[in-house]
Every structure is written in C-alpha cells, then in structure tokens.
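Both backbone and side-chain heavy atoms feed into the values below; hydrogens, waters and symmetry mates do not.
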Amino acid sequence: MALFGQKNEEITALSALRTAKDAYCGRLHEAESRNSIRLRSEDGREWLFAAEENALWLFPVLPHLDLPESELNGAKEISLPREQAALRKCEPEIEKIGVEGLFTVYRKPKVRFVMNVPGEGEMRFTGINADRTAEYLAKNGLAQFLAVYDIADCTGPVFAFRCLAGDTLISKEYSRVQVFREGGELVFTSRRQGAYRASGDSIAIGRVPVKAVRFYRMGGGMRTETRVTGGGVAVDRAAAYWSGWAHPFTLNPHGRAIEAAVQSEPIRTEEVQHDERYVQLRVQWENRRADLQFSPDSLAAFDALIPEKEFDELAVSGREPTPVEQLDLLAELCERGFVTREEFEQAKVRLLGKI
C-alpha cells in the first residue's frame, strides 16, 4: 500500500507542476499580447515592461519551464504607480570606435534606466532593443532622447538618399545617408552596409560646416539606349519533310520544302531610359576640394537645408558679370518687383553703351 501511496503523491506533484507551467504560459501569453518592450536587469533576468496612463508594470520572463512549482507560481505581474516607480534615464555611455573619412563612428549606446520595484528595491534595466526602447520611453513620456542615439540632436526636417560617389569622404559602406541641418553644420548619419543588411551595433556621424560648402547643382542626364532583338533564322527539318506530303503535286517541291523549313524571327527595337543624373556637392574640406555625388532626390534636400549654396556660376568663378548678364539679372529683378521699370530702362541704356 505504501508503494501505491508514493506513486499517487508523485502523480499529484507532476499534475501540480504541469498546472503551474500552463498557468505561467497563460500569463506570459497575455503579457506579450500587450504593448510591451523587453528589458534585462543587471542580474541577467529578462522582463516585459509596459506603460499605462497612470501605472507601470513588469512581468518576469523565465529562461525555461524546468523550474520548481514555487518559482513558476511566483512569476507574476508587478504593477505600480508611475510616481512610486520614479523612473529616470541613465546617462548614455558614448564610445567612439574610430574615424572613417567624413564620419566619426560610435558604438550605438545602450538605453538604460532605473526604477523602484516593490520587493526588489531600486533596479537598473537595459533595453534589449535600443531603438525600440528609446522610442517607447519617449512616446510614453518617461524619458527624453536626442534625435541620433543621444549623440546628435535634430529639430528640423531629415532627408534620406544615397551617396553615389564619395571622393575620400564617404566610402561605399556608408552609401545610404540621412542628412539634417544643426545650426551652421550639415549633419550626415549612416549605418555601415554589410553584404545583406546594415550593421546594428554602430552609428556613423559626420559634420560638414555650411561655410565649407561651395555649391550644389544637378549634373548628368537621361540616356536613351536602343536595344535591337530578333532577326534570327531557324531551320525546322521536320517542317521541310512534311511539306512534301502536304503538296504532293507541286511543280517546285524543293522550294516548298525550303519555304516551310526556314523560319525567321521579326526584328524588334526597344528604347530603354537610363537615369544618369546626380547632384554634385562641392566641399572645401581640410585644405582640399572634394566633389561628392548624390542621388537625384537629394536636390530637394539641399534646396531645403542650404538654399543659399545653390550653384551660381558668377559666385563660384568670382568674375565680374558681363553687361548682357547684368541686363538679364536686372530684367528678372524688374519682373519680381525689386526694380521699377524706369530704373530698369535707365540701367539698360547705360549697359547697352558698354557692349
């Protein structure tokens, strides 16, 4: 009888453990269905974290289910008012990796914060996904971050485009850039492009003083390529053989056979457009001139960020405009209302006298 009693106790214990596992999995599934992020505490434990209007909550994510029943049953949601949590962001650790041309490359800083947790005291957490964590904390009014990983700030528009030729300043690994203006500087940010995806552990930031930009302008153009296909000739031996049976009384059986056997493909032409446009950005960089080329969509970006640097042949060359060029300029000013018609006519007579 003792043997059967022991067996029943084991079955009861296993059933209780299974019930505890199922209950924990149910709580975990419910927690994952909420709008939450994943964190890791300093002791290595993983947590789900969510913010509600007046409260914050944590849910422990166990490493596996092969744990005692007491630990499974004890893994429950912790909820507390925002004021009691007293969440505060930790200052980021900015680690500089190196310099590559225009860019200074930084290790992407981790997002860390401290909060009070009932039964645990003050705990320090690190976001498992730094981008997602920073976005979540900022959206829920829990912390503020600079625009670029707490390294650089941006309050204006941001533009994304490709670098086609970077001279010695932008290498191919950083061909996809985002650009914005911060005071008197153009700020370029990029992530190193690997064979399949962007590297996730670093961020490259480059700063170009606006005064170092000589000009920008559109270059290149659309090239039309005419492709010719077809025109081939094929011989179908089977068609040549059966043509004799199809026309048994013809006076020219060989001609019929050749006509049936020879098949020609019509000539087709197709015009293909190649977009070879680019935007040239000339920079006077460290006592040397650098010409950078960007994709055509960057023109709108530079128009918005540095409109004063749009290409002007006279400003770039430094020469005195000719009388004809001065007349064209005055005519444009007159049309826009900056010069009266009378003033334009007086200047016109004077300038025509110099030609």
Side-chain angles (χ1 to χ4, degrees), residues 94 96-108 146-149 151-225 273-319:
I94 308 300
K96 179 177 167 182
I97 300 175
V99 177
E100 299 185 31
L102 170 68
F103 293 110
T104 300
V105 185
Y106 300 89
R107 185 87 60 196
K108 189 166 69 173
L146 297 182
V148 186
Y149 299 104
I151 302 173
D153 201 10
C154 170
T155 56
V158 181
F159 300 88
F161 45 83
R162 292 181 300 113
C163 178
L164 306 178
D167 206 302
T168 59
L169 299 182
I170 303 178
S171 62
K172 293 181 179 179
E173 289 81 3
Y174 298 107
S175 59
R176 297 184 181 277
V177 298
Q178 289 185 311
V179 182
F180 58 90
R181 183 164 179 171
E182 184 181 3
E185 294 181 319
L186 282 182
V187 181
F188 291 76
T189 70
S190 183
R191 302 270 289 277
R192 179 183 290 276
Q193 300 295 316
Y196 301 101
R197 62 183 178 84
S199 173
D201 63 347
S202 64
I203 179 72
I205 301 177
R207 298 176 181 272
V208 176
V210 173
K211 64 181 181 182
V213 177
R214 295 295 306 279
F215 64 81
Y216 70 90
R217 64 178 172 183
M218 181 72 81
M222 300 295 294
R223 178 172 62 86
T224 302
E225 175 189 2
Q273 296 288 332
H274 296 279
D275 189 353
E276 297 181 347
R277 296 174 301 163
Y278 61 89
V279 174
Q280 177 191 8
L281 182 74
R282 177 166 293 180
V283 178
Q284 195 69 29
W285 185 263
E286 296 181 351
N287 299 322
R288 61 177 295 271
R289 191 181 74 185
D291 284 316
L292 311 178
Q293 293 182 9
F294 298 96
S295 52
D297 54 340
S298 66
L299 184 64
F302 294 129
D303 282 343
L305 297 175
I306 48 172
E308 70 275 18
K309 296 295 182 176
E310 186 177 8
F311 181 77
D312 184 338
E313 184 179 358
L314 295 179
V316 172
S317 64
R319 66 177 176 83

Legend entry - Test of ring centre spacing under 6.0 Å for Tyr106 and Tyr149: no
Legend entry - Heavy-atom side-chain contact between Met222 and Asp275 under 4.5 Å: yes
Legend entry - Glu276 side chain near Tyr278 side chain, heavy-atom distance below 4.5 Å: no
Inset, instruction - Take Lys108 and Asp201 through the test salt bridge (Lys or Arg N to Asp or Glu O under 4.0 Å) and record every step on the way to the result. - result: CA-CA 5 Å; Lys108 189 166 69 173; Asp201 63 347; over 6 Å; no
Legend entry - Contact summary for Pro307 and Ala304, nearest pair of heavy atoms: CD-O, 4.0 Å
Legend entry - Non-hydrogen atoms of Ala152 and Ile205 that approach each other most closely: CB-CD1, 4.4 Å
Inset, instruction - Indicate yes or no: at least one non-hydrogen side-chain atom of Thr189 is less than 4.5 angstrom from one of Ile151. - result: no
Inset, instruction - For residues Cys154 and Ala147, report the shortest heavy-atom separation together with the two atoms involved. - result: N-CB, 3.5 Å
Legend entry - Candidates Leu164, Asp303, Leu299 - the one meeting side chain to side chain contact (heavy atoms under 4.5 Å, CB included) with Val279: Leu299
Inset, instruction - Check whether any side-chain heavy atom of Tyr216 sits under 4.5 Å from a side-chain heavy atom of Glu310, and report yes or no. - result: yes
Legend entry - Minimal non-hydrogen separation, Ala290 against Leu169, with atom names: CB-CD1, 3.8 Å
Inset, instruction - Quick one: pull up CD1 in Ile97 and CD1 in Ile203 and give me the separation to the nearest 0.5 Å. - result: 10.5 Å
Inset, instruction - Compare all side-chain heavy atoms of Lys309 with those of Leu186 and state whether any distance is below 4.5 angstrom. - result: no
Inset, instruction - Ignoring hydrogens and angles, tell me if any N or O in the side chain of Ser190 forms a donor-acceptor pair with the backbone of Arg176 under 3.5 Å. - result: yes
Legend entry - Pair Gln178-Val148, side chain to side chain contact (heavy atoms under 4.5 Å, CB included): steps then yes or no: CA-CA 11 Å; Gln178 289 185 311; Val148 186; over 6 Å; no
Legend entry - Separation between CG of Leu281 and CD1 of Ile170, rounded to the nearest 0.5 Å: 8.5 Å
Inset, instruction - Name the orientation class of the two ring planes belonging to Phe161 and Phe294 (parallel below 30°, tilted from 30 to 60°, perpendicular beyond 60°). - result: perpendicular
Legend entry - Distance in Å, Glu185 CD paired with Lys211 NZ, rounded so as to fall on 0.5 Å steps: 9.5 Å
Inset, instruction - Check whether more than 12 heavy atoms from other residues, nucleotides or ligands sit under 6.0 Å from atom CZ of Arg162, and answer yes or no. - result: no
Legend entry - Pairwise side-chain contact, Ile94 with Lys96, heavy-atom cut-off 4.5 Å (strictly under): no
